[in-house]
Structure formats: structure tokens, C-alpha cells
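Presented below is the structure to which this report refers.
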Amino acid sequence: MSGVAVEPDVVVAALRAASVGRGDLVGLAVMPGVGVGLAAPELAAPVALAVEDPAAVVAMVEDELRPRWVIWSGATAARLVEAGVRLATAWDVAAVHRLLFGGWKAEPDRVWAALHDLDPGAVPTLPPLDLFSQPAHDDAAALVRPVRPDGYLEPRWVLGAAEDDPQRLARWAALALEAAALQERRLTALPAPDRARRAVRSESTAELLCAELSADGLPVDRDEAEAVIAGFVGPRPRTALEAAEQRAERDAAVLRLAPPGQQGVDLRSLPQVKSLLRRAGVEVPDTRKWRLEAMRDSHPLVAALLDWRKAERISTTFGYAWLDERLGVDGRLRGEWTGSDGAAGRMTASAGLHNMPAALRRAVVAEPGHVFVRADLGQIEPRVLAAVSGDRALAEATQEDDLYAPVAAQLGVDRATAKVAVLGAMYGQTTGHGAQALRGLQAAYPVAMAHLDEADRTAQGGWDVRTYGGRLVRMGFGPAGELTASQARARAAARGRYGRNAVIQGAAAELFKVWAVTVRARAAPLDARIVLCLHDELLVHVPTAHGDAVSSLLDDCLQESAARWAPDRSVRFLAETSVIGRWSDAKG
DNA sequence: TGCGGCTATTG
DNA sequence: CACAATAGCCGCAG
């Protein structure tokens, strides 16, 4: 089966003749400067086009037919975004693989092997090139045959052999489509196939969003950022020598408060810091911030050390080097985004976008003529617990703006205690102040608590768990043998807590992503772009004139998303929304 | 040079 | 100081 080369204006007609319409699957592979390959189930052979600008062809099909594009991974979306084309929807084979099989690795060879029940450990690789290796005599054969006789994908194709030839791009697109069909069959076998199919759509489209987030970046005002950093570590050093002097002076300011004879202590060495503190009469088992905070007044050295830590953190992780590396001349701070981490499936971002110190939020400023619309989901995890467990009593509590108020009343405790108990139940805390209230929870919300216990037991036994949307969360962490009895108990308990939390955190991540991709779609006509996703928070960059419209849109999208994610409408979800000029202006 | 431990920051 | 993540530096094994 080889691709048929056609002209761009024939493509839409060919796809339409093959009954491709809105939402139908179309396999896609592109390489700028080379061409594009397209495949559809009712197309006799995949279509190959040799074109300089494949994105233009894709855009044309998108406008005319708006299919659901089947791509091997977000890398395809990233190429298209680079070329100025944003897809509406996708079936991301790698994302679906992560959902179905767990873990993070989802290269085409591994995906293909899993779908054909082949040993993933035996996936073929290319022999390493060395001075003595001859070009393999079967190279030519490998280039026309992506699937080997033994059923594995040919490694040359996995490594990009398709990308220099339109005919091979077409074949590669057809294989993506074939992988999607096999994935669809696996979905059917899951406990809740319809939920999983909805998750496939939202998780795949979230990968498109990630490609855009990576390309667009977060609007950051460089002068503001430099001012915040300067407040912690002083002005930007002009030379390496100046930087070293600045650093040495920071160290010296702490050591001047140390007992005599301690001037040579390295503050970055934990054993040295511990002995330094001991000589100053401060005895601590470790030097964590919360522990030192309690000893702040016992010796001037402690307060100085805490300040030093703060400055050191800014200097090493969120300082001038960070800005230079991550903040573009266009005022956008860029990191790489992934749609799901290896565990429960939350989105992750590099470059510190998810753990930027709060002090830097004042540097996140909307561009001229724009505002941010920021919204965060209120008490998302207990509300998700109510939804995924089907606990009627807890669902009743979600009708209140503050869910902990009715829970506290039910348990006969104060709000703070109720909150600690609920969070403790979801995180697996079994000791301390919450233990008493935990028994109250068992009585008041038995369905929800049983749901958590079930996940805990499953994970403790080393069995994988699945989230509400069907994501497999693997439990095979840690080496197997050579454990003492108490180590084995600790391992089992850790697994239990992990599994208990994964079904909540993972389901919350699924709802969040439905919300995010819904906002992405609905807000695009208003020229609004999501610029940050933060687990339960969205930051949307919007032309000022549309600020209020997008603000109410975010809530509409949440209601729509919640109904789509969990069609039983018994649980109430809410978002707190504000229209602001800079991130630090938000109340939240 | 790679990896585990410790630390800080965020949700 | 429970659950998750990224990221930096130190100390140690190889």
C-alpha cells in the first residue's frame, strides 16, 4: 500500500468522498519542507502530498471538514503550531497509550508493541553506529516496510525515517490511524468505556493545548521580574567576578553571626550547617525550614540562615540566569508542557512555571490592550471524591459554596478539623488530630470513604488502579525483594496512600483538562488564549474588551465540562474568577 | 558521571 | 509536613 500523490485542492474532495466529516478520524503526519500524509478509514490508500508548507494543507482540511486528527504525539501538533496552524481536536496516540497502559513512555514502537501484545522489553533498536559498521544491506527494505515480519515497528521509522519522504509520511499517518483503531478496541474492554472515550478526547486535545502553551509562553514583564529578583539578591551582576563577590558577601553575612572559628563553613553543605548550628547551641535533627522557623529566635544565626536560604533559592533557580534562559525578547516565559505526568495524570511544566515563588507573580503582567482572566476551582478534590464515589451525602454537601461547613456540622466539629479530616482521608493520614474526626467521616460518608479504602487496599496489594476516566496508575514502584518486615509494611502503606490519592488527584486532573480544552475552544473566537494551567487554576490572556465575556465564559465552560465529565449532575463545582492586570492582583 | 538525599517552592 | 510535581546542590559510588 503506497500513498497516492495528489494536489492540495483535491485533498478535501478525496476526504469528503471517503465520508470524512466533523469529528471523524483522519491520520496525520507532517514534515515542513517535505509534505504531509493523510489517512482515513474509507480512503483506499493514504494520501501523500509533496509540499513546502504542509500546515497550509492541514488548515484547509481543518476549515472544510474539521476532523479529529490522529497523531502519533504532540510533536506533530508542535510542528503545526510552529507553522501557525492550531488543530481543534485530536486523537493523540501517545496520550491514549499513557491512559490505557500507564507510565510515561509512549514512543510509537512501544505503543505498537503494547497494542499487539508483544513484549515491550524486546522492542528492536538500531545497532549503534561505529567506525566499522557497514550500511545494513536491508536498509532499502526497511524503508518500504514500517512493520517488521516479527510484528514490531521498524526502528528506522520510529526514529523518523518517514520524515524525508511524502509517501512514507502517508504510510506513517495510516499506521497512526491503525494504532488508534486498536486503542479504540482496548477502550471497549475497560470498566467504563464511555467515560474512557470522553477522556481520550479531552486528554488528546489537552496535548494540543500543551503544544500551544509551550510555544506561546507566559507574559512576563522583564523589568518587574528583575526588580523582584533584585529585592532578594541585589542588582544584576555585570561580570562573573561580581556574581562571585555577591555570593561570597551573602555567605559572609551569615557567617559573621557564627561562633569564632566557623568562618570557613560551607552553607551549601548540610553536614557543615548542622554542626555549625550545634556549635551555636541549636540542636536540630535536620535543617528544614519549618524546623528552623520554630528556632528562629534561639540564635541570630538561625534567622540569617533562613534569609540566606531564600536568597540562595532565588539566585540559583529563579534568578537572572533563569530569566536569561527562559524569558524571550517578546516578553514570554517559556517552558515545556506535558499533558500528563507518569503518575495520576496531572499536567506538568518545566522552567518553574508550576512552582514559581508567589513573590514573582507581580511580574506576570498582561500585555498592552489585554487583561488576564483567572479562575480557580474551589475545593476541587473533595468535590471530585463525591462525584467519583457516588456518595449522596457528600454530593449534598457540595451544594454549599463551602463544602467543609456542612461536613463540620455533620461531624459536630469545627471547620478546620473537618477540613483536616477530609484531606487526611484523601491523602492517607491515619495518625494525629484528624484520626478522631476520620471515624466521624466513616459514619457520615461511608460510600466515599469505602471508595478511598478500596483504592488503598488495591494499591497496598501491589495492584494497579484506574482513575474514573480509565487512566491506569501503575503500582510497581520500589525494588521487590530484600525487605525487612517493617520495611515491607512501610512500602505497602506508602503504596496505599499513593493509590488512595491517585484516584482523586487523577480524576481531578481529568475534569480540569476537560475544562481547559473547553475554554480553549470557546474562548478562541474572542482571541483569548490560555497561558497557564496550574492543576486547578487557569490564567487566560484576553483582549481587554472581552474580559468580562471571558470571565462568564469560564464559569459556563465549567458547568458544561462538569456535566460532560460526570453526567450525573449531583455534584456542584464552582470557580472563583477575576479579571486582573497582573497575576498578583488575584485574591486567591 | 550518575544517582539518592535534602531542601524549597507550587497545587 | 500526609498526596503530587520541578529543580538545585552535595556527597558518594563506580
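Predicted model, so just to flag it, every value in this text is computed and none were measured.
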Separation of B/dT7 atom P from A/Leu267 atom CG, nearest Å, is 14 Å

Here the salt bridge (charged side-chain N to carboxylate O under 4.0 Å, His left out) pairs for residues 503-514 of chain A, sequence neighbours left out, are A/Glu203-A/Lys513

Atom NE2 of A/His354 and atom P of B/dT10 are separated, to the nearest Å, by 14 Å

Handout entry: Below 4.0 Å: OP1/OP2 of B/dA8 and any side-chain N or O of A/Arg309
Key = yes

Taken to the nearest whole Å, CD/A/Glu576 to C1'/B/dG11 is 15 Å

*asked:* Any salt bridge linking A/Arg334 with A/Asp216? Criterion: basic side-chain nitrogen under 4.0 Å from a carboxylate oxygen.
replied: no

Please tabulate, one pair per line, each protein N/O and nucleotide N/O from nucleotides 1-4 of chain B that are separated by under 3.5 Å, including the distance.
none

Testing C/dA7, C/dA4, C/dA2 for proximity to the side chain of A/Gln505, the answer is C/dA4

_Assess the residue pair A/Arg361 and A/Glu224 against the criterion (salt bridge (Lys or Arg N to Asp or Glu O under 4.0 Å)); give the C-alpha distance rounded to whole Å, side-chain angles, the decisive distance to 0.1 Å, and a yes or no._
CA-CA 10 Å; A/Arg361 291 185 181 194; A/Glu224 285 284 354; over 6 Å; no

By ring-ring contact (aromatic ring centres under 6.0 Å, His included), A/Phe372 pairs with (sequence neighbours left out) A/His541

Discussion item. So does A/Gly328 get a backbone contact from the side chain of A/Arg222, meaning a donor-acceptor N/O pair under 3.5 Å?
Written reply: yes

Look at all strands and tell whether A/Met426 reaches a base, only sugar-phosphate, or nothing, counting heavy atoms closer than 4.0 Å. nothing

Fill in: Cation over ring face, A/Arg195 and A/Tyr468, 6.0 Å, 45°
yes

Taken to the nearest whole Å, CG/A/Asn355 to P/B/dT10 is 8 Å

* Would you find a donor on one side and an acceptor on the other, under 3.5 Å apart, between the side chain of A/Ser202 and the backbone of A/Ala199? -> yes

A/His535 atom NE2 is separated from C/dA4 atom P, nearest whole Å, by 13 Å

Out of C/dC10, C/dG8, C/dT6, minimum distance to the side chain of A/Thr348 belongs to C/dT6

- [ ] State whether A/Trp104 and A/Arg98 meet the cation-pi test: NZ (Lys) or CZ (Arg) under 6.0 Å from the six-membered ring centroid, and within 45° of the perpendicular axis.
- [x] yes

Discussion item. Regarding A/Ala502, tell me which of base, sugar-phosphate or nothing describes its non-hydrogen contacts under 4.0 Å with the strands shown.
Written reply: nothing

Salt bridge (charged side-chain N to carboxylate O under 4.0 Å, His left out) pairs touching residues 300-309 of chain A, sequence neighbours excluded, are none

Q.
Side-chain N or O of A/Arg497 versus OP1/OP2 of C/dA2: is the shortest distance under 4.0 Å?
A. no

Among C/dA4, C/dA2, C/dG8, the one nearest any side-chain atom of A/Thr316 is C/dG8

Whole-Å distance, A/Arg495 CZ to C/dA4 P, equals 13 Å

With a cut-off of 3.5 Å and sequence neighbours excluded, list every side-chain donor-acceptor pair involving residues 447-457 of chain A.
unit_1: A/Asp453; atom_1: OD1; unit_2: A/Arg500; atom_2: NH2; d: 2.8
unit_1: A/Glu454; atom_1: OE1; unit_2: A/Arg457; atom_2: NH2; d: 3.4
unit_1: A/Asp456; atom_1: OD1; unit_2: A/Gln460; atom_2: NE2; d: 3.1
unit_1: A/Asp456; atom_1: OD2; unit_2: A/Arg500; atom_2: NE; d: 2.8
unit_1: A/Asp456; atom_1: OD2; unit_2: A/Arg500; atom_2: NH2; d: 3.3

A/Leu353 CG to C/dA4 P, in whole Å, measures 22 Å

Per the under-4.0 Å heavy-atom filter, residues of residues 268-299 of chain A near DNA chain C come out as A/Arg268, A/Ser269, A/Trp290

Within the structure shown, what part of the strands sits under 4.0 Å from A/Ala343 by heavy-atom distance: base, sugar-phosphate, or nothing?
sugar-phosphate

Here the distance between atom C1' of C/dT6 and atom CZ of A/Arg346, to the nearest Å, is 12 Å

